[in-house]
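Below is one structure, written out as structure tokens, with a few remarks after it.
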Amino acid sequence: MGNSGDWTEDVTVREIPKARLAVMGWLVLALVTTGMVAWELEMRSLGLVAGDIDDSKASWAVERRKIASGDHDGVAIVGGSRILFGTDLNAWEELTGRRPVQLALAGMSGQRFLADLANNSDFAGVVVIDVTPEQFFREGPGNPEFEGVLDYWKEQSPSERIGHQIGLFLSRHFAFLEDQYALMRLVDQLEIPNRGKIIGPDLRPWKLSESYANRQTVLWRQIETNQRLRSHAIRVWLFGPARNRPPPREDEIAMVCAKARDAVAKIRARGGDVTFVRLPSTGAYYEREQLRAPRDKTWDRLLRETGAFGIHFEDYPEMQGLELPELSHLSRESATRFTRAHVDVLVRELPWLRRERPEESGT
């Protein structure tokens, strides 16, 4: 303490060395860019492509709002992954002059979406609905990824819509943004053998499809060419969770047919119509479907009780002999062939569905 009675302290001043912040910034940028380029090249080497947009509730919501606003050509497609992967929207438009609104969702049954169009819209066009037997003729939830989607399209916030648009823009330029190949998802693809009671990752689907504008979706080319990916998909269909589900019960089938009948009646009362479509399956998957959901107890009953027109691939030679690499979904080339075949049948049943082109009408 000094003479004045004040306390004094020795203060150590540490000189901070000058940092080359600009150099550090450029170095970080170079490292991040190099990492992104390396990861992008790695993902492309696995068969991912820029422009493949992850399908999501947000993508579906865009299409559902077209129905609400009247921005459509009078055709809506509902159902599960078979009709989602198996429909060529360009071929549809070429044959009819109408581009369908694609509302099918992987892992979901079309029955709830048919009811939504009947009860919660003024849609008066044609609804084309996929009937995947074990999936369609049962009550209960579908793919948890899309639960709540029937409300989401109305409740989606502005920030969510903006985020979706940003995601679409980036996905058109970068393949590594594929959700199914995020780092944690890749862990599922590690070959981890079971060890006694310690079981490896759940048997669930990996990436199966590519999605583009208007939800035009096709079977991923790697499923056709990569034996490991194709074999995994087949294992999921034959030995995954669906294997342990019981066949649709009689009361479930009756309830589904009754609800479908009511929905068809409402849409027809507005001047619209409904067509059911049974897309192909093959091999052991088809055999299981025949055993657990035989045609006479499901498909035939559905058409009889609804009075609707139906297109079953077994009834048309041109819809057979198509390629289904993993037993359940059409290859992209076969999807185009199937689209042309079943649309041709549909137009014969509903001639008004085909719009005349100007050159055909002489104008």
Side-chain angles (χ1 to χ4, degrees), residues 16-63 81 84-85 89-90 102 105-107 143-146 149 152 156-192 200-233 236 325-326 329 331-332:
I16 300 175
K18 294 182 179 180
R20 303 176 67 182
L21 297 179
V23 173
M24 293 171 61
W26 283 109
L27 178 60
V28 170
L29 179 62
L31 291 173
V32 170
T33 302
T34 301
M36 285 182 59
V37 170
W39 192 244
E40 176 73 7
L41 293 175
E42 174 64 17
M43 291 299 100
R44 294 195 181 209
S45 74
L46 296 177
L48 303 183
V49 295
D52 177 7
I53 305 165
D54 286 337
D55 200 21
S56 64
K57 289 197 294 186
S59 296
W60 187 91
V62 172
E63 301 304 304
S81 57
L84 178 63
F85 301 178
L89 299 178
N90 291 332
Q102 180 57 275
L105 281 168
N143 186 344
E145 182 179 351
F146 297 118
V149 72
Y152 179 78
Q156 187 182 21
S157 68
S159 62
E160 288 174 322
R161 296 190 190 191
I162 293 172
H164 175 61
Q165 292 302 318
I166 293 173
L168 292 181
F169 174 79
L170 293 175
S171 293
R172 292 189 181 103
H173 297 85
F174 299 105
F176 76 84
L177 294 175
E178 166 62 55
D179 181 63
Q180 292 290 329
Y181 272 70
L183 191 58
M184 293 308 298
R185 291 288 188 98
L186 288 175
V187 173
D188 286 347
Q189 297 192 25
L190 296 176
E191 296 185 2
I192 304 174
D202 292 339
L203 195 58
R204 55 188 175 184
W206 296 340
K207 180 176 171 63
L208 291 172
S209 62
E210 299 173 27
S211 294
Y212 298 96
N214 304 127
R215 299 189 68 240
Q216 171 63 71
T217 305
V218 295
L219 189 69
W220 189 29
R221 186 69 76 183
Q222 290 295 308
I223 300 296
E224 301 179 39
T225 60
N226 186 302
Q227 177 65 44
R228 178 172 178 259
L229 297 177
R230 183 168 61 252
S231 296
H232 175 80
V236 172
E326 34 72 86
H329 299 95
S331 68
R332 61 182 70 192

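These values consider heavy atoms only, across backbone and side chains, with no hydrogens, waters or symmetry-generated copies.
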Do you know which two heavy atoms are closest between [X] and [Y], and how far apart they sit?
{"X": "Leu219", "Y": "Arg332", "result": "O-NH2, 3.2 Å"}
{"X": "Arg44", "Y": "Ala50", "result": "NH2-CB, 3.5 Å"}
{"X": "Tyr152", "Y": "Ala61", "result": "CD2-CB, 4.2 Å"}
{"X": "Pro325", "Y": "Ser331", "result": "CD-N, 4.0 Å"}
{"X": "Trp206", "Y": "Leu229", "result": "CE3-CD2, 3.6 Å"}

**OP:** Output yes when a side-chain donor or acceptor of Trp220 lies under 3.5 Å from a complementary backbone atom of Gly47, and no otherwise.
**Re:**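 Here the side-chain-to-backbone pair exists.
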Original post:
Does Glu145 offer a backbone N or O that forms a donor-acceptor pair with the side chain of Asn143 under 3.5 Å?
Top reply: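 The answer is yes, because a donor-acceptor pair under 3.5 Å joins these two groups.
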Quick one: pull up [atom1] in [X] and [atom2] in [Y] and give me the separation to the nearest 0.5 Å.
{"X": "Tyr212", "Y": "Asp52", "atom1": "OH", "atom2": "CG", "result": "5.0 Å"}
{"X": "Arg215", "Y": "Leu105", "atom1": "CZ", "atom2": "CG", "result": "5.0 Å"}
{"X": "Asn90", "Y": "Asn214", "atom1": "CG", "atom2": "CG", "result": "8.5 Å"}
{"X": "Gln156", "Y": "Ile162", "atom1": "CD", "atom2": "CD1", "result": "10.5 Å"}
{"X": "Glu210", "Y": "Gln222", "atom1": "CD", "atom2": "CD", "result": "9.0 Å"}
{"X": "Ile223", "Y": "His232", "atom1": "CD1", "atom2": "NE2", "result": "8.5 Å"}

Donor-acceptor pairs under 3.5 Å, side chain of residues 170-177 to any protein atom, not counting sequence neighbours: which ones?
| unit_1 | atom_1 | unit_2 | atom_2 | d |
| --- | --- | --- | --- | --- |
| Ser171 | OG | Gly167 | O | 2.9 |
| His173 | ND1 | Phe169 | O | 2.8 |

Original post:
Considering only heavy atoms from C-beta outward, does the side chain of Val37 approach that of Glu40 to under 4.5 Å?
Top reply: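 Of all side-chain heavy-atom pairs linking Glu40 with Val37, none is under 4.5 Å.
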Original post:
With a 4.5 Å heavy-atom cut-off, do Glu178 and Met43 have their side chains touching?
Top reply: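 SC-SC contact between Glu178 and Met43 ruled out.
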Original post:
Can you list the residues that meet the side chain to side chain donor-acceptor pair (under 3.5 Å) rule with Asp179, with sequence neighbours excluded?
Top reply: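 Result, side chain to side chain donor-acceptor pair (under 3.5 Å) vs Asp179: Arg185.
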**OP:** Return the set of residues passing side-chain contact (heavy atoms from CB on, under 4.5 Å) with Thr217 (not counting sequence neighbours), or none when no residue passes.
**Re:**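 Partners of Thr217 by the side-chain contact (heavy atoms from CB on, under 4.5 Å) criterion, ordered by chain and then number, come out as Leu84, Phe85, Ser209, Ser211.
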**OP:** Assess whether side-chain contact (heavy atoms from CB on, under 4.5 Å) is satisfied between Arg221 and Val49, documenting all intermediate values.
**Re:** CA-CA 11 Å; Arg221 186 69 76 183; Val49 295; over 6 Å; no
